Amino acid sequence: MSKEKNSPSRSGAFEAGVDKRVETFTESISFDQRLFVQDIAGSIAHSEMLAQQGILADDEFQQIKTTLTEIKQEIVDGEFKYDFALEDIHMHIEKALIDRLGDIGRKLHTGRSRNDQVSTDFRLWVRDAIDRVSAKLLDLQKAFVSRCDQDVDTILPAYTHMQRAQPVLAPHYWLAYCEKLERDRERLTDARKRVNSSTLGTAAVAGTTIDIDRSKTAELLGFERIVANSLDASSDRDFVLESAFCLTTIALHLSTWAEEWIIWSTVEFNFLDLPQEFCTGSSIMPQKINPDILELIRGKTARVVGNLQALIVLTKSLPLAYNRDLQEDKPQLFDSFDTVIACLELAAPLVEQTKLNRDEIASRLDRGFLDATTLMEYMIKRGVPQRSAHHAVGALVRTAMNERKSLAELPLETFQQTQPGIDESVFESLGVENAVKSFQSFGSTAPEQVALQIAAWKARVSD
Ligand code: ARG
């Protein structure tokens, strides 16, 4: 038997053991231990394929499978001992197997390398994690949809440049977020296709001379396809970058929503009351009820963006194929998944339980001339060229501002002075209720359009 120095990856070529500082510096077990389920599934599939190919005896495969399953249970039960000398989860599990099965265990790594093993394990983990995030995204969409009926009569100002722009129905806001989250789900589904490709059996870099069957392991592990080039498989981390990007757009969308609701919950806006279970107090100012959860959702976006940046830089200019740098991909992607899942889990109940202060909102809707664009379009529909109508309404807004009135409070003569031919019907497009009802286009905040969208979303998110 070859002399195993202090690590199983040090072959007979080594004459010296490893410096302890190197063990600490190079270990990944502290973070890749969370791949144990995938590592064991990968090894069971690999040994089953080796048995099918006649490379392992059936009895050897059965012993490997049983022992790996026992090891998994020990890890789940917290009884498994970790040791930096064994570097990563792959070595830990293989060493535990060899300790129990001797030479049978020593056969497991036939036709495989840790390079394809780590890629396989990580792909399996990311595939599951994508499914978890997709489910949480759906929960958040459901939360937004669940508000639509109760808020359907509430009009909110829509803003551009953070200035009051046009009136919209509250569900129009909620469904705007549903649309963004839907694209996030679609992006994840698309990325999942490329994640779900098997690299197992590409071995270190060039493949193997052993007569393995890569389609068998791919099938056993539920992969949809097999990566065709071993050099590519050994070096590829596109699936990590793509997932990190998908998580980044989710975090960015959440940060926009969080920012919006932080502003809306201020005394200045007073549009909504956040549920107190999701607010925190101040240690010095007794009156404070702070939106810390929303602030942290906004703040944690920085980590997710930073992780993507780190991963991009990590893979930049790496020559083919596997380089140890790639070990650094896991902490970042784990953190992005953990962070986004945690944010989504809190976002859903916050969306469901927050109360709109309808009276407060309504009492200030006559500010900001939210109906000015509707008035302009009223004139256009009566034959006034757009530019002239735009100018005329601007002048009416100026007059109203000077007289501290809303547009609806101006007398008919004032409209007629600006645009001859205007009659009483002008008042039917003034005021936020009338303005909202005047919308027509697909995708607008017209009540019929919003009703259609609510119905469509209810159907989409129902199980
Ligand atoms: N711990 C390593 C990682 O996570 C496993 C692959 C090591 N491969 C190697 N040839 N050193 O990337």
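The structure presented is a predicted model; accordingly, all values stated were derived computationally and were not measured. For the numbers below, each heavy atom of this structure counts, side chains included, while hydrogens, waters and symmetry mates do not. The first residue in the sequence is number 1, and the count goes up from there. Remember, it's 1-based here, ligands and their atoms both numbered in the order they're listed.
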Check: Do any nitrogen or oxygen atoms of D32 lie less than 3.5 angstrom from nitrogen or oxygen atoms of ligand 1?
Finding: no
Check: Can you say whether the rings of H92 and F80 are parallel (under 30°), tilted (30 to 60°) or perpendicular (over 60°)?
Finding: tilted
Checklist line | K330 touching ligand 1 at heavy-atom level, < 4.0 angstrom | finding: yes
Check: Who's the nearest protein heavy-atom neighbour of atom 11 (N) of ligand 1, and how far?
Finding: R114 NH2, 3.6 Å
Next item on the list: Please work out which of the three classes, parallel, tilted or perpendicular, describes the rings of F122 and F334, given edges at 30° and 60°.
Entry: perpendicular
Checklist line | R21 CZ: over 12 foreign heavy atoms closer than 6.0 Å | finding: no
Next item on the list: Give the intermediate values and the outcome of side chain to side chain contact (heavy atoms under 4.5 Å, CB included) for residues E182 and R460.
Entry: CA-CA 10 Å; E182 187 68 7; R460 235 170 178 174; 4.3 Å; yes
Margin query: Assess the residue pair L169 and I155 against the criterion (side chain to side chain contact (heavy atoms under 4.5 Å, CB included)); give the C-alpha distance rounded to whole Å, side-chain angles, the decisive distance to 0.1 Å, and a yes or no.
Written below: CA-CA 5 Å; L169 294 176; I155 294 175; 4.0 Å; yes
Next item on the list: Using distance alone, determine whether Q327 and ligand 1 share an N or O pair under 3.5 Å.
Entry: yes
Note to self: Counting non-hydrogen protein atoms only, what is the nearest one to atom 10 (N) of ligand 1? Give residue, atom name and distance.
What the structure shows: N115 OD1, 3.2 Å
Notebook entry, point to check: In the protein, what heavy atom is nearest to atom 7 (C) of ligand 1, and what distance, to one decimal place, separates them?
Noted result: Y322 OH, 3.5 Å
Next item on the list: Below 4.0 angstrom from a heavy atom of V118, which ligand 1 atoms are there? Numbered from 1 as shown, please.
Entry: 4 (O)
Check: Looking at E87, which atoms of ligand 1 are within less than 4.0 Å of one of its heavy atoms?
Finding: 1 (N), 2 (C)
Margin query: Taking the ring of W125 and the ring of F337, is the distance between their centroids below 6.0 Å?
Written below: yes
Checklist line | Aromatic plane relationship, W261 with W264 - under 30° parallel, 30 to 60° tilted, over 60° perpendicular | finding: parallel
Checklist line | Protein residue, atom and distance nearest to atom 5 (C) of ligand 1, heavy-atom basis | finding: D88 OD2, 3.2 Å
Note to self: Using a 4.0 Å cut-off to any heavy atom of S28, which atoms of ligand 1 qualify?
What the structure shows: 1 (N)
